[in-house]
Amino acid sequence: MKKRAQTLSRMKRQENLIGYLFASPWITGLILLGAFPFLASFYISFTNYNMLSFPRFIGLTNYRILLSSDTIFWRSLGNTFYHVSIAIPLGIVLGVGLALLLNNKVYGMSVYRTMFYLPNVVSIVAMALMWLWLFQPSFGLINEVLSPVYRLLDIEPLRWHQDARLAKFSLILMGLWAVGGPMVIYLAQMQDIPNALYESAEIDGASWVRKTVSITLPLMTPSIFFNFIMGLIGGFQVFTIAYIMTSGGPGRATYYYAYYLFDTMISDQNMGMASAMAWILLVLVLIVTMIALRLNRYVVYLGEES
Amino acid sequence: MRTIIATILILGTLAISAGCSREEKSEALTIQFWHLNPVGSPGFSQMRGIINAFNERQEAYFVRGTGFSFWDYWDKLSVAISSRTAPDVGYRTIDDVVARASNGVLHNISELMRNDTSQNNIDLGEFRESQLEFATWQGDLWAMPFSATTRVLYYNLDMFSEVGLTEADVPRTWSELHRVAKMFDRVEGNTITRLGFDPTYGNTHYHGWLWQTGLDFFDDELNPTLDTQGHLDVLEWIIGFNSDFSRGQLTAFGEASEMLGINVFASERVAMIVDTDGLYQTLKQADAQITYGVAPIPVPDEDGIRVSWGSGFSLEMFDNGAGDEFRRTGAWELFKYLLEHDAQIALADANGWIMGHRSAMMEYAGGDPILQAILEEIDYAVDKVFVPYAPSWHGADWFPYYTEALDGTLTPSGALAAARAHLLQKRANWEATR
Amino acid sequence: MTEALGRVLPGLRHRRRIRNALLHLVLLTASVAFTFPFLWMLFTALKTPAELLQGTAAFFPSVPQWSNFVTAVTVIPFFMYLMNSLIVVVLVMLGTLFSATTAAYAFARLEWRGRDVWFVVMLATLMIPIQVILIPTYILYAHIGWLGTRLPLIVPAFFGGGAAFYIFMLRQFFKGIPKELSESAIIDGANHFQIFGRIMLPLSKPALITVMLFTFMGAWNDFFGPLIFLSNPDHWTLALGLRAFQLQFGGRFDLMMAAAILMVIPTLLIFFFAQKSFIEGITFTGIKG
C-alpha cells in the first residue's frame with residue numbers, strides 16, 4: 001500500500017517535471033522576452049508618458065479619468081460590446097455552416113475552398129473599396145438588389161454604414177466575409193472525426209441532418225469553443241474595419257474601444273492613458289473569458305472526459 | 001508530413017547560412033539619415049545621388065540614407081525617437097517641433113549655427129518667417145523648414161470655355177465662387193453627374209475656411225472658441241453651398257469617383273477644387289489631358305483674408321543623449337548640406353515637393369506657371385497651432401462633429417457646442433495628469 | 001460522407017446528383033462575392049495610370065498592362081527581398097511549430113502544478129493590444145543587442161512569441177484525440193516524448209497544416225514587425241519592400257495593386273495545397289476509431 005502511494009507520488013512529480021519541460025520553450029520566452037514589455041506597459045499605465053520624455057508617475061489618475069470623466073471611453077466601450085455580442089454568434093453560425101458545406105466531396109471543392117478563403121488574403125484597400133461600393137446607398141449593389149423589397153414595404157432605402165443606427169451592423173456584415181479563417185479550423189477539426197462513427201450511423205439509416213446534429217457538431221465543439229474565445233479576444237480589439245470603412249463614424253457610431261486607444265496613443269501621444277485603456281481592456285476580456293472557460297466544461301465535448 | 005518537415009528543415013538551414021551577412025568596414029563615421037524615398041519609389045535614384053554627392057565631397061563622414069514609404073515612416077521614427085535610437089537627421093512635421101524640442105530629443109539648431117564659423121552656415125534669410133516661427137521654442141531654432149506646401153484653387157479651363165467663361169472669370173470671393181460653380185452642376189435623374197465646386201471636396205478643412213474670415217479655432221490661451229456667430233456662419237456656408245442637393249446625393253457623387261479610383265478633378269466631374277501642390281504632381285505624372293490653372297482660394301466677400309493652411313516638413317537633428325560631439329558635427333554638416341540652394345532643388349525634383357528655400361524654388365519653378373502660382377500662395381500659408389492637450393484637434397477631435405453637421409444629424413450650432421464641450425473636457429482631463 | 005452514402009444505398013445515386021447540382025449552385029453564387037475584390041485588384045493592376053485617373057474604363061482595363069508586374073519586380077531588389085522573406089518565414093514556421101506543439105501538449109495532456117494559471121496567462125498575452133508593448137519590446141531588443149539583425153523577428157517564434165493563438169488551437173485538437181490511444185501506449189512502455197512524436201503529431205496533421213498555413217500568412221504578410229525591428233534595409237522582407245509602391249504623393253494605384261497581387265499569389269497556392277490534406281484526412285484516417 002505504502003509502496004504504491006510512493007510510486008504514485010513519484011509519477012506525479014515526474015509528470016510535473018515533464019509538464020514544465022514541454023512548456024519550457026514557451027515559458028522561457030514569456031519570462032525573458034515577454035515579461036519586461038508586459039510589466040513595463042502596466043507601469044506606464046500609472047504614468048504620464050508622451051513617448052518623448054521619461055514616464056512620470058501619477059498614480060491612478062489615468063484610470064480615474066477614464067472611468068469617471070471621459071464620455072468617449074464609455075461610448076466606445078458600448079460600441080465594442082454591441083459589436084462583440086452580435087459578431088461572434090453570427091460568425092460561428094456562418095463559419096460552421098460554410099465548413100459543413102465545404103466538407104463535401106464534390107468535384108472542384110478545392111477551388112471553392114480557395115475562393116472562400118480569398119477575402120483573407122486580398123489587400124485591405126481592395127476589400128474596403130469593394131464594400132464601400134456594395135453598401136453605397138444610391139447606387140450600391142446591395143440596395144439595387146433590395147430595391148423591390150423597399151418598394152414593396154414602401155420604405156426609404158437603407159443607408160448602411162452611413163447611417164449611425166446601422167453602421168455597426170454593416171461593419172459586422174462586412175467582417176463576416178472573412179469567415180474563411182475560422183472555416184479552415186473547423187474543416188481541420190472535421191478531419192479528426194472518426195469515419196467509423198458515420199458508417200455505423202449510416203447502417204442505422206441516419207440522414208445527413210441527423211449525422212450533422214448528433215455526430216459532427218458535438219465533435220466540433222472544441223474548435224467552436226476555440227473560435228468563440230478567439231472571437232471574443234479579437235472582437236474586443238476590433239479596429240481596422242472601422243478605420244478603413246467609416247473612420248469611426250458617422251459621428252462616433254463605429255468608434256470602437258481599440259480605435260479610441262489608437263487615437264489616444266497616436267493622435268494625442270498619450271501613452272500613459274493608452275496603456276491604462278489596454279489594461280482595463282485586458283481585465284474585461286479576461287473576466288469574460290474566465291466565465292466562458294467555466295461554462296466550457298458543460299458545453300464542450302472532449303474525448304477524454306466522456 | 002515527414003517530407004514537409006524535412007524540406008522545411010533543409011530550407012531553414014540554408015536560410016540561416018544565407019542570413020549571416022558580411023559587415024562592411026569603413027574608416028568614416030556613419031551618419032544615419034531617414035527619408036521618404038524607399039528603394040523602388042520614383043525619387044529613389046535621385047535621393048541616392050543627393051546623398052552620394054555629400055559623401056564624395058568630404059571624407060570624415062559617410063551618410064547612410066534609408067527610405068521608408070510615407071505610410072510607414074512616422075511609426076518607425078516615433079518608436080526610434082522614444083527608444084533613443086533615432087537617426088541623426090530626419091524629417092518630421094513642422095507644426096509640432098515644440099513638442100520634441102521641449103522634451104529634449106532635438107539638437108539646438110541656433111546653438112549649432114552660433115558655433116559654426118564656416119562659410120556655409122545656414123542663410124536664414126532664404127526661409128519664410130512664418131515657417132521659422134513654428135521651428136522656434138524659447139527663442140531658439142530646434143529644426144529648419146524643409147518642405148513647404150499650401151492649398152490653392154484648381155480650375156478646369158476646358159470646362160470654363162464650354163460655358164463661355166475665361167481665365168478672367170476665375171472666382172475671387174465666396175459669392176463669385178458660388179455663382180460660377182452653379183453654372184456647371186448637372187443632374188441626371190436623381191444622380192449628380194457634374195458639380196461646379198464643393199467646399200468639402202479635395203483637400204479642404206473647416207479651419208482653412210474659418211481662417212479666411214479672420215477667426216481661429218482657439219484663443220490665445222488655447223481655449224476652443226467654437227461658440228461664436230462667426231463659426232456658425234462659416235459652417236453654415238459650407239453646409240449650404242450645394243443646398244440645392246441633398247447630402248445623400250452629394251455623398252453619392254463623391255463616392256462614385258472614389259470607388260472607380262478616379263480623380264474627381266482630372267475626370268472633369270468637378271470644374272474647380274481646392275487641393276495641395278500634390279494634385280499638380282498627380283496630374284503631371286499621369287499626363288492628364290486637361291487644361292487647367294491654379295489661383296488663390298476665394299475669400300469671404302467682406303474683409304476676406306488671403307490665407308491657406310500650409311503644413312510642411314521640418315528637417316531635424318535627433319539627440320539620442322549619447323553626447324557624441326564628432327557625430328553631432330557630422331550630422332550638422334549633412335543638415336546644412338540638405339538646406340543648401342542646389343540640394344533643395346534636387347530634393348524638390350526627387351520628391352515632387354516644394355522646398356523651403358525661397359530663391360532655390362524661384363529658380364526651380366522657372367517657366368512653369370502653375371508651380372509659380374503655387375509658390376506665390378505659399379507666402380500666404382499658415383500652419384496650424386500645436387495644442388498640447390489635443391494635438392490632433394483638426395482631425396480626431398473635430399472631425400466627428402463636422403461630419404455630423406454635414407450629415408444633418410446635428411445642427412451646425414449643436415455640432416459646434418458639442419465639439420467645444422469635448423475639447424473642454426479633454427483639456428480638463430489633460431491638466432489632471434500634469 | 002456523400003460518397004459513403006452512395007456506396008451504402010446505390011439507389012439514391014440520382015438524388016445525390018440533384019443534391020450536388022444544388023450544392024454547386026449555392027457555392028458558385030456565394031463565391032462570386034468572395035472573389036470580386038481579387039478580380040478588382042487584378043484589373044486595377046492591369047490598367048494604365050491615365051485610365052485610373054480619368055476613369056475612361058470602369059472595371060476592365062482596355063489594354064492589360066502586364067508591364068506593371070515587370071516594373072514591380074525590377075525596380076526593387078525583388079529577389080533579395082524574397083530571400084529575406086523566405087529566411088524569416090521558414091524559421092518562424094519552424095519555431096512556431098516547435099514551441100506551439102510542445103506547449104499545447106503540456107496544456108492538453110499533462111498534469112503539472114500551475115498549469116491552469118499559466119493557461120490564463122497565455123490567453124492574457126493575446127488580450128493586450130500590441131501597440132502598447134511595442135516601445136518596451138523595442139527597448140528590450142536594443143539592450144540585448146538585437147537591433148541591426150533579424151533576430152527580433154525569428155528568435156521569439158522558437159520561444160512561443162506570437163504563438164499563443166496556435167498553442168490554444170492545438171490544445172483543443174490534442175484534447176480531442178482519444179486518451180485511450182496514449183494510455184495503451186504507456187502500458188506498452190512508451191514515454192511522453194514518444195506519445196507526443198508518434199501519436200499526437202501524426203494524428204493532428206490537419207491542425208498542424210492549419211498552423212503552418214496561418215504562420216506562413218502571418219510572417220509573409222507582416223510588414224510592421226520588419227519595419228520596426230529591422231534597421232538594415234538589406235534585411236527587408238518582400239512585404240516591407242513592396243510598400244515602396246504604397247500611395248506616395250501622386251502615387252500609382254496600378255503599381256500598388258500589382259505589388260499586392262504578387263504578395264497574394266504564394267499564399268493562395270499554399271492554401272490550395274494545404275486544404276487538399278483535409279480531403280485526404282476524410283478518407284485515409286480510419287485508425288482513429
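Atom set for the values below is all heavy atoms of this structure, side chains included, hydrogens, waters and symmetry mates excluded. Chain naming here is simple, since letters A, B, ... match the order of the sequence lines and numbering starts at 1 in each.
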[X] portion near chain C, given a 4.5 angstrom heavy-atom threshold:
X	result
A/Leu102	side chain
A/Ile233	side chain
A/Met277	neither
A/Tyr49	side chain
A/Gln189	both
A/Ile27	side chain
A/Ser275	both

Could you check whether any side-chain heavy atom of [X] comes within less than 4.5 Å of a side-chain heavy atom of [Y], counting everything from C-beta outward?
X	Y	result
C/Trp112	A/Ile18	no
A/Tyr112	C/Leu28	yes
C/Phe214	A/Val184	yes
C/Ile135	A/Ile44	no
C/Pro136	A/Phe36	yes

Practice item. Report the relative orientation of the aromatic rings in C/Phe271 and A/Tyr117; use parallel for angles under 30°, tilted for 30 to 60°, perpendicular for over 60°. Key: parallel
Check your understanding: Should the pair C/Phe193 and A/Phe22 be assigned to parallel (<30°), tilted (30 to 60°) or perpendicular (>60°) ring geometry?
Key -> parallel
Between chain C and each of [options], count heavy-atom pairs under 4.5 Å; write down the option with the most.
options	value
A/Val283, A/Leu197, A/Val121	A/Val121
A/Phe262, A/Phe226, A/Trp177, A/Phe239	A/Phe226
A/Ala258, A/Ala40, A/Pro119	A/Pro119
A/Gly29, A/Ser24, A/Pro37	A/Pro37
A/Ile185, A/Thr28, A/Leu17	A/Ile185

Would you compute the distance between atom [atom1] of [X] and atom [atom2] of [Y] and round it to the nearest 0.5 angstrom?
X	Y	atom1	atom2	answer
A/Met230	C/Met169	CE	CE	10.0 Å
C/Phe34	A/Leu118	CZ	CG	10.0 Å
C/Met127	A/Phe236	CE	CZ	10.0 Å
A/Glu15	C/Arg115	CD	CZ	9.0 Å
A/Arg113	C/Leu27	CZ	CG	10.5 Å
C/Phe273	A/Ser110	CZ	OG	9.5 Å

Tell me, for [X] versus chain A, whether the close heavy atoms (under 4.5 Å) come from the side chain, the backbone, both or neither.
X	result
C/Phe165	both
C/Met257	side chain
C/Ala30	both
C/Leu23	side chain
C/Val26	side chain
C/Leu126	both
C/Ala124	both
C/Trp220	neither
C/Leu213	side chain

**Study point:** Minimum heavy-atom distance A/Gln191-C/Pro206, with the two atoms named
**Key:** CB-CG, 3.6 Å
